[in-house]
Amino acid sequence: MKGFFYFRNTRISFRRQAGEHALYGRRITVVTSETRVRARPYNATTVEEKWQRAWEEAALHSTPDESERPKWYALTMYPYPSGDLHIGHWYAMAPSDAAARFKRMNGYNVLFPMGFDAFGLPAENAAIKHNVHPHKWTMSNIERMRVQLRSMGGMFDWDREIITCLPDYYKWNQWLFLKFLEHDIAYRANAPVWWCPNCQTVLANEQVVDGECERCHAQVTKRDLTQWFFRITNYADELLDFSTIDWPERVVSMQRNWIGRSEGARVVFKSEQDDPIEVFTTRPDTLWGATFMVLAPEHPLVEKLTTDEQRAEVEEYVSWARRQTEIQRMSTENEKTGVFIGAYAVNPVNNERVPIWIADYVLMGYGTGAIMAVPAHDQRDFEFAKQFALPIRVVIRPEGSDLHETTMIEAYPDEGVMVNSGAFDGTPTPNGEAVARVIEWLEREGIGSGEINYRFRDWLISRQRYWGSPIPIIYCDSCGAVPVPEEDLPVLLPEDAEFEPTGVSPLKTHSSFYNTTCPSCGAAATRETDTLDTFMDSSWYQYRFLNPHFEDGPVDPDKAGKWLPVDQYTGGIEHATMHLLYARFFTKAMRDIGLLNIDEPFTRLYNQGIILGEDNEKMSKSRGNVVDPDELVNELGADVVRLYLMFIAPWDQGGPWNSRGIAGIERFVRRVWVITDETADVRPGEVDAGVEAELKKSMHRAIKVVGDDLGAFEFNTMVARLMEYVNDLYQLRERGATASPVWNEALRSLALLLAPSAPHLAEEVWERLGQSFSIHQQPWPEYDPALVVENTVEMAVQINGKVRDRIDTAVDAAEDEVVKQAMASARVREAVGDKEIRKVIYVPGRILNIVVG
RNA sequence: GGGGGAAUGUCGAAACUGGCAGACGAGCAUGAUUUAGGAUCAUGUGCCGCAAGGCGUGAGGGUUCGAGUCCCUCUUCCCCCA
């Protein structure tokens with residue numbers, strides 16, 4: 001019998017009468033009828049606002065630099081201030097925040113800063129489009145995003161906020177550039193570089209994806225320009241060493257591929273006019289099989305070597321190739337195209353005359369822009385030779401079989417024994433033996449040398465844009481490129497620049513910025529108008545967070561010693577070969593010039609997945625599938641959003657948003673509040689010992705599994721464990737567990753377990769339980785291992801691998817005892833029948849399998 | 001073409017070193033609460049079958065007392081590099 005009445009405006013419900021009841025498949029006896037105070041509603045908006053204010057007033061999230069506790073530097077990639085914190089930001093930050101909070105509850109002094117990656121193109125595009133200054137646009141976006149970030153309830157230490165577009169920050173960007181220049185890590189060179197016609201700027205190789213601009217997806221083209229570079233390739237081998245960091249294998253292999261180390265030889269062929277043509281090959285053991293050469297259409301010698309008869313055809317081909325994208329050119333699917341230029345080269349190993357072709361599958365940007373073609377042992381060369389009826393010569397014979405030029409249908413790129421290779425005939429190729437011997441010989445003969453080639457190039461850092469750190473260089477007719485003296489930093493971005501969509505940097509037309517005097521000779525001079533790639537800002541921001549107002553250098557050495565390196569970094573995988581590679585390079589470069597004494601910036605890395613729209617597509621305004629976190633927070637509260645994001649799927653997987661699924665979390669949050677509010681004041685009384693034992697066990701188990709999952713970033717199962725615990729509490733309550741003195745402890749534990757993931761709800765529950773502010777300064781509860789292990793289990797009994805019955809048995813029961821118990825079951829006896837028992841497999845606590853036959 | 005990852009109910013997913021597949025949630029169904037419900041509570045819910053029982057982790061094979069998990073072949077999808 002249930003019902004309710006009102007007493008002093010509070011709805012009081014009275015419940016089951018004394019007597020026998022069926023509940024959850026058990027018979028229970030209610031001794032006295034109980035009355036129950038119905039929970040007050042939980043108003044997330046009010047509660048969350050209340051605690052956010054309280055945390056700020058208590059400066060709860062300011063991290064002291066001095067502490068008895070061990071340090072833990074947790075960092076999540078800082079956002080670009082686009083003006084809106086979208087659900088992707090929440091997905092990146094909310095679980096990171098939970099992990100950071102968990103670390104703090106586990107006794108660490110946790111630094112968890114936040115800032116804004118504030119330079120970049122959108123601000124400048126907004127300036128052109130809406131006539132707002134980038135600075136104003138960016139700063140008002142930051143204002144708005146701070147409010148949104150606050151609504152998330154993160155434990156960000158705002159005292160250390162950095163905003164990269166402020167002189168306070170970019171001064172040190174410029175300073176670092178000058179130091180790099182001083183130490184020959186930065187240099188200026190003319191090179192063919194990628195140009196994005198849409199962004200009106202050059203791009204680094206890393207920022208070109210499939211021949212498109214990584215930002216705007218416009219097709220990029222090559223241009224020859226004089227630009228500033230960083231010598232990231234000097235660190236290639238060190239960047240290939242991942243032994244001291246714990247990063248996802250995926251990112252490691254992406255960086256490894258990107259760096260693209262290959263060992264081989266550089267060999268000099270000569271044209272018949274005696275021009276040296278260098279090629280790089282990883283297979284110098286196939287040199288004798290080179291039957292032609294292929295140059296990239298852009299190769300500087302093409303112009304010179306082309307014969308008059310071939311010139312028209314060659315020119316036509318070159319201009320056609322220029323129009324192709326790199327992807328089209330590299331595709332193995334394509335039919336091979338190319339043109340003979342009429343000239344011949346001499347193969348230095350056997351003085352053979354080989355024709356020189358040009359073809360689009362050879363790229364100027366890789367290796368030397370020229371290859372020796374060995375059609376018998378390279379598939380692309382093979383296809384090219386077949387296409388144009390060029391000679392093929394086998395020089396590697398596979399072990400135990402034969403290979404004939406005329407019958408081959410594809411190249412043989414594997415190991416074997418060298419043939420048709422003069423003195424090297426008979427040399428086996430496995431284990432690099434042939435390669436090593438040929439290199440040795442090439443060096444002795446002076447026609448080549450062993451070389452290690454890398455796929456990646458030096459980092460191009462010049463950008464023809466306004467909204468970035470000005471490169472602190474002055475050009476003087478007599479002194480050349482002169483660094484701006486350190487004391488003149490920062491070179492300020494002029495605020496009164498004119499934005500015209502002309503493709504010319506506003507800095508070029510700003511005469512008081514552009515015109516200056518040479519710091520070295522005092523003559524009239526002009527400033528560099530390019531700005532630094534904004535990826536430079538994010539390459540070292542993790543160090544500036546430690547003391548963003550430090551005035552004697554980019555990094556405060558005292559704080560660096562205390563906090564570095566970053567213990568846990570989290571962010572999207574899309575930065576694998578950009579930001580994450582640049583940051584590693586910067587760390588090593590800064591170490592080499594004495595600014596840091598660490599080798600790697602981020603000890604542990606975790607990449608969260610992507611939240612898609614409900615239609616399983618990437619969220620975008622044009623698709624209309626964008627989920628607005630602000631709306632959700634207003635409606636359901638931040639804790640619900642946080643918990644739901646964690647619950648959706650494993651964090652590294654992401655997945656589609658589901659607006660119905662979030663209802664489950666809503667219910668869960670309500671259930672947490674209801675059970676606490678309704679039972680917080682229950683006085684201990686008489687309780688069944690078994691029920692109390694179950695309550696204890698459930699609580700200790702929850703402490704263990706929730707903690708284990710949080711520590712392992714398994715947020716989805718962590719939420720499931722919390723739900724199981726709350727479900728347990730509801731059932732135990734019905735069985736009278738609230739009368740136990742353990743009940744209140746169980747509720748307190750629940751609050752503590754919720755604290756990392758649902759910080760507001762946890763704090764409210766904590767207060768309701770009469771505990772003092774703040775739950776976020778409490779230690780993580782401890783569990784008793786003895787209470788977590790099961791003493792008895794329901795064990796499956798299998799006959800020939802099929803489950804026939806289940807028996808309750810002690811975890812550590814002896815085999816013969818368990819068999820006896822199993823044989824007592826009629827179902828087991830029936831399954832065994834009169835067959836002979838051949839074998840018994842018994843794994844204590846797990847399974848009993850009786851093999852009969 | 002090479003490398004890496006994935007495939008489990010209607011859906012999101014869980015499953016420790018091989019040991020009761022489907023925890024937790026969504027959805028659905030039935031019932032309760034007699035104003036209503038997109039509220040709450042209870043019960044059920046892999047498939048076939050009235051049942052006993054059988055079948056089930058992309059497909060096929062193998063190892064094993066026992067395979068979602070290990071091995072081989074294949075299919076599809078995603079990512080990276082060519």
Side-chain angles (χ1 to χ4, degrees), chain A residues 1-4 13 15 21-25 38-39 41 209-210 248-260 262 326-327 329-333 361 363 366 379-380 383 410-411 413 455-456 573-574 576-577 607 609-610 612 614 616 643-644 646-650 652-668 670-671 674 705 708-709 712 714 716-727 730-731 734 793-807 827 830-831 837-853:
Chain A
M1 192 69 167
K2 286 186 203 174
F4 64 89
S13 63
R15 300 170 51 88
H21 294 270
L23 188 73
Y24 305 106
R38 197 169 185 254
V209 181
D210 292 348
E249 190 49 43
R250 216 159 127 224
V251 177
V252 169
S253 80
M254 278 167 80
Q255 292 203 349
R256 224 177 247 141
N257 283 335
W258 182 260
I259 294 167
S262 54
E326 183 144 344
I327 279 302
R329 291 181 53 171
M330 297 292 284
S331 170
T332 43
E333 320 287 276
Y361 77 95
L363 299 173
Y366 183 68
Q379 185 60 22
R380 285 193 294 184
E383 286 166 22
E410 60 179 358
R455 206 187 72 92
F456 81 153
I573 187 103
E574 68 275 15
T577 54
N607 302 109
I610 297 170
L612 304 169
E614 288 209 69
N616 209 10
L643 286 169
Y644 182 57
M646 292 185 215
F647 188 58
I648 278 184
D652 58 356
Q653 187 183 307
W657 180 264
N658 182 331
S659 54
R660 281 202 292 206
I662 200 168
I665 298 289
E666 258 186 284
R667 272 172 217 152
F668 167 70
R670 193 180 307 123
R671 278 162 66 79
V674 164
V705 294
D708 287 351
D709 285 354
E714 286 164 5
N716 59 330
T717 50
M718 176 217 46
V719 177
R721 302 301 168 217
L722 285 168
M723 287 171 166
E724 281 177 299
Y725 181 44
V726 171
N727 292 346
Y730 269 83
Q731 297 203 8
E734 295 299 327
V793 283
E794 191 190 56
M795 183 180 290
V797 180
Q798 298 180 336
I799 306 300
N800 287 350
K802 285 193 195 293
V803 180
R804 294 300 170 180
D805 204 358
R806 286 159 227 252
I807 55 174
R827 298 183 47 169
E830 194 191 330
I837 294 180
R838 295 248 168 114
K839 198 171 175 184
V840 173
I841 289 107
Y842 172 60
V843 183
R846 296 213 186 277
I847 201 121
L848 176 68
N849 187 8
I850 300 172
V851 184
V852 299

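The basis for the numbers below is simple: all heavy atoms, side chains too, and nothing from hydrogens, waters or symmetry mates. Naming: A, B, ... by sequence-line order, numbering from 1 per chain.
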>> Filter on side chain to side chain donor-acceptor pair (under 3.5 Å), then keep only pairs touching residues 798-807 of chain A, sequence neighbours left out; what's left?
In response: A:Asp805-A:Ser825

> So what is the 5' to 3' dot-bracket string for RNA chain B, if pairs are Watson-Crick or G-U wobble with both distances under 3.5 Å, crossing pairs use [ ] and | means the partner sits on another strand?
Replying inline: (((((((..(((......[....)))((((((.......))))))(((....)))..(((((..]....)))))))))))).

Kindly write out the residues that satisfy side chain to side chain donor-acceptor pair (under 3.5 Å) with [X], not counting sequence neighbours, or none if the list is empty.
X        : answer
A:Asn727 : A:Arg671
A:Asn607 : none
A:Glu830 : none
A:Thr577 : none

Which atoms of nucleotides 26-31 of chain B (N or O only) lie under 3.5 Å from a protein N or O atom, and what are those distances?
residue	atom	partner	partner atom	Å
B:A26	OP1	A:Arg667	NH1	2.5

> Looking at residues at least two apart in the chain, or sitting in another chain, which of them share a salt bridge (Lys or Arg N to Asp or Glu O under 4.0 Å) with A:Glu724?
Replying inline: A:Arg721

>> Which residues pass the salt bridge (Lys or Arg N to Asp or Glu O under 4.0 Å) test with A:Asp652, not counting sequence neighbours?
In response: none

What does the list of N/O pairs under 3.5 Å between the protein and nucleotides 51-58 of chain B look like, with a distance for each?
residue	atom	partner	partner atom	Å
B:C55	OP2	A:Lys802	NZ	3.4

> What is the nucleic acid contact for A:Asn800, judged by heavy atoms within less than 4.0 Å: base, sugar-phosphate only, or nothing?
Replying inline: nothing

> Which is true for A:Arg838 with a 4.0 Å heavy-atom rule: it touches a base, it touches only sugar-phosphate, or it touches nothing?
Replying inline: nothing

Would you list the protein and nucleotides 18-23 of chain B atom pairs, both N or O, that sit under 3.5 Å from each other?
residue	atom	partner	partner atom	Å
B:C20	O2	A:Arg806	NH1	2.1
B:C20	N4	A:Glu794	O	2.5
B:A23	O2'	A:Glu724	OE2	2.8

Donor-acceptor pairs under 3.5 Å, side chain of residues 252-260 of chain A to any protein atom, not counting sequence neighbours: which ones?
residue	atom	partner	partner atom	Å
A:Ser253	OG	A:Arg250	O	3.3
A:Gln255	OE1	A:Arg584	NH1	2.8
A:Gln255	NE2	A:Ala576	O	2.8
A:Asn257	ND2	A:Ser253	O	3.3
A:Trp258	NE1	A:Glu206	OE2	3.0

